[in-house]
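Taking it in order: structure first as structure tokens, then the write-up.
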Amino acid sequence: MSNHWEKYWSEGHLTSFCGDFEENYEDEYSTFWKEKFSEVTAGNSVLDLATGNLALPVLGLSIPKDDIKYYAVDLSKISKNKICEKKSQLKEILNKIELFDQLNIENLNIFENEKFSLISSMYGFEYANEKKVLAEVSRLLSKGGRFVAIAHSENSIILNRNNQSLRCLNSILAKKGLLDTLERMSKAMRSIKSQKDLVDMKFNNVAEKLRSQLNQQLSGLDNSYKELFWETATPLFIQNFFSSLIGTNHKTRVDWINKKRRELHKHSLRLLDLKHAAINSMRKEIILNELETRNLELITWNTFLKDGHNVGAVIELKKV
Ligand SMILES: C[S@@+](CC[C@H](N)C(=O)[O-])C[C@H]1O[C@@H](n2cnc3c(N)ncnc32)[C@H](O)[C@@H]1O
């Protein structure tokens, strides 16, 4: 797995929406999943696909119910220790989860047939090849067992916001984009040793022209993307850049700019991943066509609503 997810998970976030859920999924999400997990009867096992930092198994284990075993798989490197560094109160619960990281959900042959009565996926299975995942889901579910997923889908507000953020990042990172202008301006500025050098910059026509171009780009991005632009922390970066100029030369400043580029690039890869993962009508068709040959029956395919907004598709299948 490319390390854009790994870096994110190593920061200890429990869900893939760290800005929205500091602890774990809440509200409609947690109500939905707790209901699903409470339907599992004692002695059975649950498998969470593309589990990330184990948000769903943690939710499942928060229900006071004994004798249900939770397994979890993710392609990225996932570290329980890293999660505990941020959330030490979870240590005991995490110890109860059987985690298989760096494992592709398209091939789960480490598990025997019909091992699970529930296979769950939260914004997860759609990142993989749906046919291969369904083949494994069918093999691993016991008769009457359920596959339940909330999946990214086209038309959801998450996808919409994601795609806008991507466009914003592209404008910042593009050739002749914001950071490019900043780099060209830095080059025109040369070394700045003292306050006097800073004041003299006003007489540097090339740098001043680029500074005004930069300001135009900044307000353009602010107008077009509003809080999505602020979430990239680029305005803060630019502010820090200008307040730390004394004692810098072009090389130092380019190092700062390149570090910011790398950070934003990683972020954009995660967003691009989500864009490609979202289930569109073609992938829905593929999934539906696959069901019969896999002994899976469609129970539900609906829009999942949070605060009245479409946040994805809820899919429920039954092994027959
Ligand atoms: C949006 S995150 C969701 C994580 C978690 N379910 C949650 O809701 O917090 C998607 C996860 O899918 C994982 N992933 C992507 N492709 C995968 C694959 N082929 N097999 C297993 N995991 C995969 C990524 O590593 C990432 O952790």
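In listed order, ligands and their atoms are each counted from 1. Only a predicted model underlies this, so the values are computations on that prediction, with no experimental measurement involved. Start at 1 with the first residue, then count along the sequence.
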Where at least one partner belongs to residues 38-50, residue pairs that pass side-chain hydrogen bond (donor to acceptor under 3.5 Å, both in side chains), sequence neighbours excluded: T41-N44, D48-T51, D48-S120
Does N104 reach ligand 1 with a nitrogen or oxygen that is under 3.5 Å from one of the ligand's nitrogen or oxygen atoms? yes
Would L49 count as being in polar contact with ligand 1, using the rule that some N or O on each side must be under 3.5 angstrom apart? no
Flag yes if more than 12 heavy atoms outside K82 fall under 6.0 Å of its NZ atom; otherwise flag no. no
Please check if any side-chain donor atom of D74 sits under 3.5 Å from a side-chain acceptor atom of W9, or the reverse. no
Quick one: which ligand 1 atoms are inside 4.0 Å of a heavy atom on A128? 19 (N)
Of the listed options A55, A277, A50, closest to atom 4 (C) of ligand 1 (non-hydrogen atoms): A50
Report, in ascending order of atom number, the atoms of ligand 1 lying under 4.0 Å from any heavy atom of W9. 2 (S), 4 (C), 9 (O), 26 (C), 27 (O)
Ligand 1 contacted by L103 (non-hydrogen, < 4.0 Å): yes
Counting only heavy atoms, tell me which of D74, I150, T51 gets closest to atom 26 (C) of ligand 1. D74
Of the choices L56, N107, I78, L75, which has the non-hydrogen atom that lies closest to atom 17 (C) of ligand 1? L75
Would you tell me which option among W33, Y25, F125, Y123 has the nearest heavy-atom contact to atom 9 (O) of ligand 1? Y25
Can you confirm whether the side chains of N249 and T252 place a donor and an acceptor under 3.5 Å from each other? yes
So is there a nitrogen or oxygen of S76 less than 3.5 Å from a nitrogen or oxygen in ligand 1? yes
Check this for me - ligand 1, G124, N or O atoms closer than 3.5 angstrom, yes or no? no
So is T15 close enough to ligand 1, meaning a heavy atom under 4.0 angstrom away? yes
Please list all pairs meeting side-chain hydrogen bond (donor to acceptor under 3.5 Å, both in side chains) that have one or both residues in residues 218-228, counting only residues at least two apart or in different chains. R161-E227, D222-W230
For the residue pair Y29 and F304, does the interplanar ring angle fall in the parallel (under 30°), tilted (30 to 60°) or perpendicular (over 60°) class? parallel
Report yes or no: do S186 and R253 form a side-chain donor-acceptor pair below 3.5 Å? yes
Could you grab the distance from atom NZ of K132 to atom CD1 of I105, nearest 0.5 Å is fine? 11.5 Å
Looking at K251 and D255, is there a salt bridge between them, counting it only when a charged N and a carboxylate O are closer than 4.0 Å? yes
Is there a heavy atom in Y8 that sits closer than 4.0 Å to ligand 1? no
